[in-house]
Participant: 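Encoded as structure tokens, here's the structure I'll be asking about.
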Amino acid sequence: MSIVLILFCILSAITLSTAFLTVFSKNPIHSAIYLVICFFSIAGHYLLLNAQFLAIVHVIVYSGAIMILFLFTIMLMNLNKEDEVHKPRFTRLGAIVSFCLACIVLLLIFINSKPIVGEYDTTGEDFQSIKVLGKVLLNEYMVPFEFASILLLAAMIGTVLLSKKEKLQK
């Protein structure tokens with residue numbers, strides 16, 4: 001067994017366990033910490049794929065900026081048990097049915113997918129180069145790149161609006 005395979009298995013176990021802990025943890029701060037660990041283990045997967053630039057950008061953007069935004073949101077929302085709104089059973093049932101349907105659709109897509117057979121077309125370009133990556137991002141993928149920035153801006157505005165206290169009317 002090679003060292004890469006052992007590292008892959010260890011990183012996969014860390015990624016899956018921290019992802020489940022993120023979802024099932026009752027404390028939102030603990031969930032955020034588990035998510036940071038999950039992000040770092042995914043960056044380790046990028047390093048195993050010899051994508052150092054992508055690993056560093058992943059750590060900076062997700063583990064740094066996005067998680068700080070999540071932590072500020074969690075802290076500003078001041079989540080308390082007594083303030084929590086209890087959802088009716090119909091809403092919970094709808095969420096469970098929607099989740100099960102989404103899982104079934106994803107499983108069917110996964111089962112019916114066919115692997116790529118044959119030779120890959122190679123252009124000889126090194127996409128690890130920051131210069132080539134910048135040209136590809138800002139020429140071919142300019143519109144999705146801008147949509148991602150608008151999505152992040154909308155998330156930031158939503159965070160500010162959620163954390164803003166209502167003024168009491170007198």
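Heads up: numbering here begins at 1 and tracks the sequence.
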Participant: Following the transitive rule for hydrophobic clusters with a side-chain heavy-atom cut-off under 4.5 Å over Ile, Leu, Val, Met, Phe, Trp and Tyr, establish whether Leu16 and Ile14 coincide in one cluster.
Facilitator: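 No, no single cluster joins them.
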Participant: In terms of ring plane angle, is the pair Tyr62 and Phe39 parallel, tilted or perpendicular, where the classes change at 30° and 60°?
Facilitator: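 Tilted: the ring planes of Tyr62 and Phe39 meet at 30° to 60°.
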Participant: Same cluster for Phe40 and Phe53 if Ile/Leu/Val/Met/Phe/Trp/Tyr side chains link at under 4.5 Å?
Facilitator: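 Yes; tracing contacts between hydrophobic side chains, which count when under 4.5 Å, links both residues.
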Participant: Hey, could you give me the NE2/CG distance between His45 and Leu49, rounded to the nearest 0.5 Å?
Facilitator: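 Interatomic distance, His45 NE2 to Leu49 CG, rounded to 0.5 Å: 9.0 Å.
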Participant: Under a 4.5 Å side-chain heavy-atom rule over Ile, Leu, Val, Met, Phe, Trp and Tyr, are Leu152 and Leu35 clustered together?
Facilitator: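 Yes, because Leu152 and Leu35 connect within a single hydrophobic cluster, where side-chain heavy atoms sit under 4.5 Å apart.
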Participant: Checking the side chain of Thr18 only, and the main-chain atoms of Thr15 only, is there a donor and an acceptor separated by less than 3.5 Å?
Facilitator: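 Yes; at least one donor-acceptor contact below 3.5 Å.
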Participant: Under a single-linkage definition using a 4.5 Å side-chain heavy-atom cutoff for Ile, Leu, Val, Met, Phe, Trp and Tyr, are Phe20 and Ile33 assigned to the same hydrophobic cluster?
Facilitator: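 Phe20 and Ile33: separate clusters.
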Participant: What is the minimum heavy-atom distance between Ala43 and Ala55, and which atoms define it?
Facilitator: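 Here Ala43 and Ala55 meet closest at O-CB, 3.5 Å.
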Participant: Would a hydrophobic clustering, with Ile, Leu, Val, Met, Phe, Trp and Tyr connected at side-chain separations under 4.5 Å, put Val57 with Leu47?
Facilitator: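 No.
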Participant: Taking the side chain as C-beta and beyond, is there a heavy-atom pair between Ser41 and Ile37 under 4.5 Å?
Facilitator: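 Not touching, per the 4.5 Å side-chain cut-off.
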Participant: CD1/Ile96 to OG1/Thr91 distance, rounded to the nearest 0.5 angstrom?
Facilitator: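 Going from CD1 on Ile96 over to OG1 on Thr91, the span is 11.0 Å.
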Participant: Give the other cluster members for Ile3, using side-chain heavy-atom distances under 4.5 Å between Ile, Leu, Val, Met, Phe, Trp and Tyr residues; answer none if it is isolated.
Facilitator: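 Answer for Ile3: Val4, Leu7, Phe8, Leu11, Leu48.
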Participant: Please report the interatomic distance SG(Cys103) to CG(Leu107), rounded to the nearest 0.5 Å.
Facilitator: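 It is 7.0 Å, given to the nearest 0.5 Å.
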